[in-house]
A.B. asks: 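To start, I am sharing the structure in question, which I have written as structure tokens.
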Amino acid sequence: METQPQTLKLNPQQQRIVDHLDGPALVVAGAGSGKTRVIIQRAARLIQRGVAPSSILLVTFTNKAAAEMTRRLEVLTAGEGRGEHVQNGTFHSLGHRFLRRHAPLAGYAHNFTILDDGDAKDLMKAALLETVGKAKGDFPTAAVLQDIISLAFNRQMPLEELIRGEYFWLEPMTDDLVKVAQVYTRKKRENQAMDFDDLLGVWLRLLKEHPDLEMTRRIRYVMVDEYQDTNKVQSDILDNLCQGHRNLMAVGDDAQSIYSWRGAHFDNIYKFTDRFGGELFRLEENYRSTPEILELANQAISHNAHRLDKTLRAVRPAGELPRITHLYDMREEAEWISDRILEAHHHDGLPYAALGVLYRNHAQSAELQIWLTERNIPFLVRSGVKFFEQAHIKDILALVKVVFNPLDEVAWTRLLKMLPGVGPATAGKIFALFRAQRAVRLSPENHALEDLIPAKTKARWHTLAATFKDMLADGVPPGRMIALAHEGFYKEELFRSFDNPAERENDIRYLAEFAGRYKSVESFLTQLALVGGSLVRDQEEDDMDKDHLTLSTIHQAKGLEWERVFVMGLVEDQFPHAKCVKHMDKLEEERRLFYVAVTRAMRRLDITVPVVSLVQGQMKICRPSRFVEELPSGVAEVVRAENLEELTQDNWSHGGFTFE
């Protein structure tokens with residue numbers, strides 16, 4: 001086993017970075033360029049040159065990455081370092097270590113409590129109760145408030161400004177929301193407790209107020225991985241840690257900066273040399289993808305005005321041109337992809353695990369999940385639960401199921417618990433009454449039912465009853481039924497319960513469009529039940545570590561790779577997303593997202609363009625994505641389905657519904 005840094009072969013670019021000892025440096029590391037290996041070997045080289053391991057700090061974003069760095073570094077430095085260890089961890093774990101030693105300087109005891117998500121939610125509920133009492137039905141939940149307050153912290157912006165810009169539907173409640181945030185902060189101090197954001201915020205405050213603490217003085221070299229994902233707070237922590245020695249090496253890829261929506265600050269990496277000076281290194285040799293895939297990626301990202309120049313070069317031999325396939329609609333797209341997956345598995349011999357399907361948002365995969373299930377193709381959804389198992393989808397389907405089967409206990413229980421003041425016990429009593437009466441009688445004349453409904457629930461109950469009346473009208477098809485359920489009752493719940501209601505509302509619109517293909521509620525629910533049945537099989541396959549296809553949002557796929565990748569839904573206003581096209585910084589982040597998607601592919605890349613797509617709640621004929629149209633001829637094979645030639649708005653119709 002290789003144990004010494006000088007025995008490991010590095011390419012010339014990597015070697016120059018490993019040999020860099022002192023002063024600030026930015027490493028622009030292209031996708032698949034071996035950046036983690038460079039970080040580890042530079043740390044080993046510093047130790048070999050006599051630097052104390054305990055004076056080196058490696059910062060990562062995940063516990064898994066931190067553990068892997070520790071393991072690899074121990075192999076390289078076996079027997080060196082006089083028993084000392086390099087400091088290594090995530091921002092939060094390092095902040096925790098620092099604060100356990102120095103918490104009294106910030107007014108906390110050494111044994112302060114760290115609030116996990118559940119604890120923080122409970123404390124937020126207490127702050128809500130103290131501030132606004134029994135909140136009205138449209139007031140956001142504690143979980144939603146946590147997310148909003150955390151985003152404001154990570155962006156270092158006033159809560160009022162964030163609400164005004166991105167949570168505009170909450171603007172009338174701004175004063176109350178600010179008060180809740182203030183009480184929540186006070187309660188944390190009173191309870192000697194910190195949440196995860198405090199681990200960074202309090203750490204940063206102490207670094208500024210007490211720059212000469214022993215734990216800070218000991219650090220002489222700092223290396224941070226995935227620097228493009230840092231937010232303002234994390235960047236300020238690194239700046240303060242390096243204030244005395246300036247030995248900060250930031251490693252990342254500006255072209256993979258895709259997390260501004262959760263606080264990542266693009267200027268941290270883009271303007272690094274403006275702030276620090278120092279050397280700029282580039283890692284451009286790519287060990288993952290073929291030259292043809294990299295050429296497409298280079299051409300795509302070249303359209304961003306704000307970028308750090310680099311050109312990925314392949315180590316792999318030449319392969320096939322990427323393919324861009326224009327298809328009729330999302331249904332044909334799903335069928336085409338499932339056909340290609342079966343071909344790759346049965347004809348080309350690729351295991352399902354070597355294949356990945358990527359998309360901009362989760363709703364794009366719903367149709368594909370149906371096709372995969374029908375064809376017995378095992379798959380996992382990396383981006384979370386499967387489309388039809390998401391909370392908001394199951395919520396809206398509960399209303400439809402109750403209309404179809406008024407004595408569906410599971411659906412009724414889920415639905416009743418959405419009502420304010422109705423918990424499991426009250427929900428059970430209400431359903432027991434329905435069962436005893438052998439009917440669901442929602443009218444005020446049902447006195448037994450009226451007695452069970454809490455006073456604060458009656459207004460919402462009557463709204464629900466009116467919604468059911470509309471849904472039960474003669475001839476209402478399943479797609480329209482979903483639209484009525486959402487507009488009549490569920491929309492208020494959606495905006496109260498989730499921090500991304502607009503995205504989830506688009507999922508419901510897609511569900512309505514999808515349901516519009518079925519003539520009856522029975523056939524629609526039967527299809528969903530068949531998909532749901534696959535969940536158990538998939539879980540069994542996970543437990544046995546069997547072969548499976550991966551479906552993932554592009555955000556969740558960052559850092560992963562597959563032999564063959566399918567990127568779905570490349571139409572304008574879907575990818576790039578409609579809300580991004582009028583803002584240059586957001587549009588460029590969307591293009592970076594496309595770059596991340598195509599650089600996941602090792603040997604084959606397929607991009608699909610469904611001309612008829614769901615955009616902002618409407619099925620319509622769409623332009624191909626500008627990310628496809630920007631590509632020069634020759635970088636991809638372009639294929640068009642025969643049925644596209646005569647497609648016009650006049651001769652095309654569909655059975656979907658637009659929410660008014």
Side-chain angles (χ1 to χ4, degrees), residues 329-331 363 366-367 370 387-419 430-431 434-435 437-446 449 459-495 501 504-532 612-620 652-660:
D329 61 7
M330 299 169 73
R331 190 173 189 176
E367 187 81 56
I370 296 287
F387 178 82
F388 296 105
E389 289 295 304
Q390 296 177 102
H392 57 296
I393 297 298
K394 296 190 76 170
D395 286 347
I396 203 76
L397 287 174
L399 279 84
V400 179
K401 288 179 178 180
V402 163
V403 168
F404 177 67
N405 175 12
L407 294 179
D408 185 329
E409 182 175 5
V410 173
W412 262 117
T413 301
R414 186 179 191 96
L415 176 56
L416 290 169
K417 286 165 65 176
M418 297 181 208
L419 299 168
I430 293 173
F431 183 76
F434 292 157
R435 188 161 47 198
Q437 295 179 339
R438 293 182 175 274
V440 176
R441 294 166 49 219
L442 305 180
S443 66
E445 288 76 24
N446 189 345
L449 177 61
R460 285 289 282 162
W461 179 262
H462 294 147
T463 298
L464 178 61
T467 301
F468 278 143
K469 184 178 179 181
D470 292 338
M471 294 171 69
L472 285 164
D474 289 341
V476 176
R480 181 60 181 162
M481 200 174 282
I482 288 170
L484 290 169
H486 176 67
E487 288 297 327
F489 175 79
Y490 188 64
K491 188 170 186 174
E492 180 179 312
E493 176 71 16
L494 185 76
F495 276 75
R504 292 176 186 261
E505 191 170 42
N506 196 56
D507 288 350
I508 294 171
R509 287 170 174 150
Y510 177 79
L511 182 68
E513 170 64 33
F514 177 81
R517 300 171 187 170
Y518 295 85
K519 294 181 179 180
S520 68
V521 173
E522 180 181 4
S523 59
F524 169 61
L525 292 178
T526 298
Q527 178 66 74
L528 297 193
L530 293 175
V531 176
V612 177
S613 294
L614 183 76
V615 176
Q616 295 182 303
Q618 298 184 49
M619 290 296 291
K620 64 180 184 180
W652 172 72
S653 63
H654 68 99
F657 297 93
T658 301
F659 290 8
E660 299 177 356

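Residue numbers count from 1 along this sequence.
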A.B. asks: What is the minimum heavy-atom distance between Gly488 and Thr463, and which atoms define it?
C.D. replies: O-CG2, 3.1 Å
A.B. asks: Holding to salt bridge (Lys or Arg N to Asp or Glu O under 4.0 Å), I want the full list of residues that pass it with Glu522, two or more places apart in sequence or in another chain.
C.D. replies: none
A.B. asks: Could you list the residues that satisfy ring-ring contact (aromatic ring centres under 6.0 Å, His included) with Phe404, not counting sequence neighbours?
C.D. replies: none
A.B. asks: Met330 and Ser613: which non-hydrogen atoms are nearest, and at how many Å?
C.D. replies: SD-CA, 3.9 Å
A.B. asks: Tell me every residue that passes side-chain hydrogen bond (donor to acceptor under 3.5 Å, both in side chains) with Arg504, counting only those two or more places apart in sequence or in another chain.
C.D. replies: His392, Asn500
A.B. asks: Which of these, Glu505, Lys491, Arg509, sits in a side-chain hydrogen bond (donor to acceptor under 3.5 Å, both in side chains) with His486?
C.D. replies: Glu505
A.B. asks: If you round to the nearest 0.5 Å, how far is NZ of Lys469 from OG1 of Thr467?
C.D. replies: 12.0 Å
A.B. asks: Is there a side-chain contact between Trp412 and Ile430, using heavy atoms and a 4.5 Å cut-off?
C.D. replies: no
A.B. asks: Would you please name every residue forming a salt bridge (Lys or Arg N to Asp or Glu O under 4.0 Å) with Asp395, sequence neighbours left out?
C.D. replies: Arg414
A.B. asks: Measure the spacing between CG of Leu464 and CG of Leu399 and express it to the nearest 0.5 Å.
C.D. replies: 6.0 Å
A.B. asks: What pairs with Phe489 under ring-ring contact (aromatic ring centres under 6.0 Å, His included), at least two apart in sequence or on another chain?
C.D. replies: none
A.B. asks: Looking at residues at least two apart in the chain, or sitting in another chain, which of them share a side-chain contact (heavy atoms from CB on, under 4.5 Å) with Val476?
C.D. replies: Ala473, Arg480, Met481, Leu484
A.B. asks: For the OH atom of Tyr490 and the CG atom of Leu415, what is their distance to the nearest 0.5 Å?
C.D. replies: 10.5 Å
A.B. asks: Ser523: which residues meet the side-chain hydrogen bond (donor to acceptor under 3.5 Å, both in side chains) condition with it, sequence neighbours left out?
C.D. replies: Ser520
A.B. asks: Under the rule for salt bridge (Lys or Arg N to Asp or Glu O under 4.0 Å), what residues qualify as partners of Arg460, not counting sequence neighbours?
C.D. replies: Glu492
A.B. asks: CZ of Arg331 to CZ of Phe514: how many Å apart, nearest 0.5 Å?
C.D. replies: 8.0 Å
A.B. asks: Roughly how far, to the nearest 0.5 Å, is the CG atom of Leu494 from the CD1 atom of Ile396?
C.D. replies: 8.0 Å
A.B. asks: Among residues at least two apart in sequence or on other chains, which ones pass side-chain contact (heavy atoms from CB on, under 4.5 Å) with Ala363?
C.D. replies: Asn361, Phe387, Asp507, Tyr510
A.B. asks: Do the rings of Tyr518 and Phe524 sit parallel, tilted or perpendicular, given the 30° and 60° boundaries?
C.D. replies: tilted
A.B. asks: Can you measure from CD1 (Ile508) to CD (Glu513) and round to the nearest 0.5 angstrom?
C.D. replies: 15.0 Å
A.B. asks: So which atom in Pro478 and which in Ala515 form the shortest heavy-atom distance, rounded to 0.1 Å?
C.D. replies: CG-O, 3.5 Å
A.B. asks: For Lys394, give me all partners under salt bridge (Lys or Arg N to Asp or Glu O under 4.0 Å), at least two apart in sequence or on another chain.
C.D. replies: Glu389
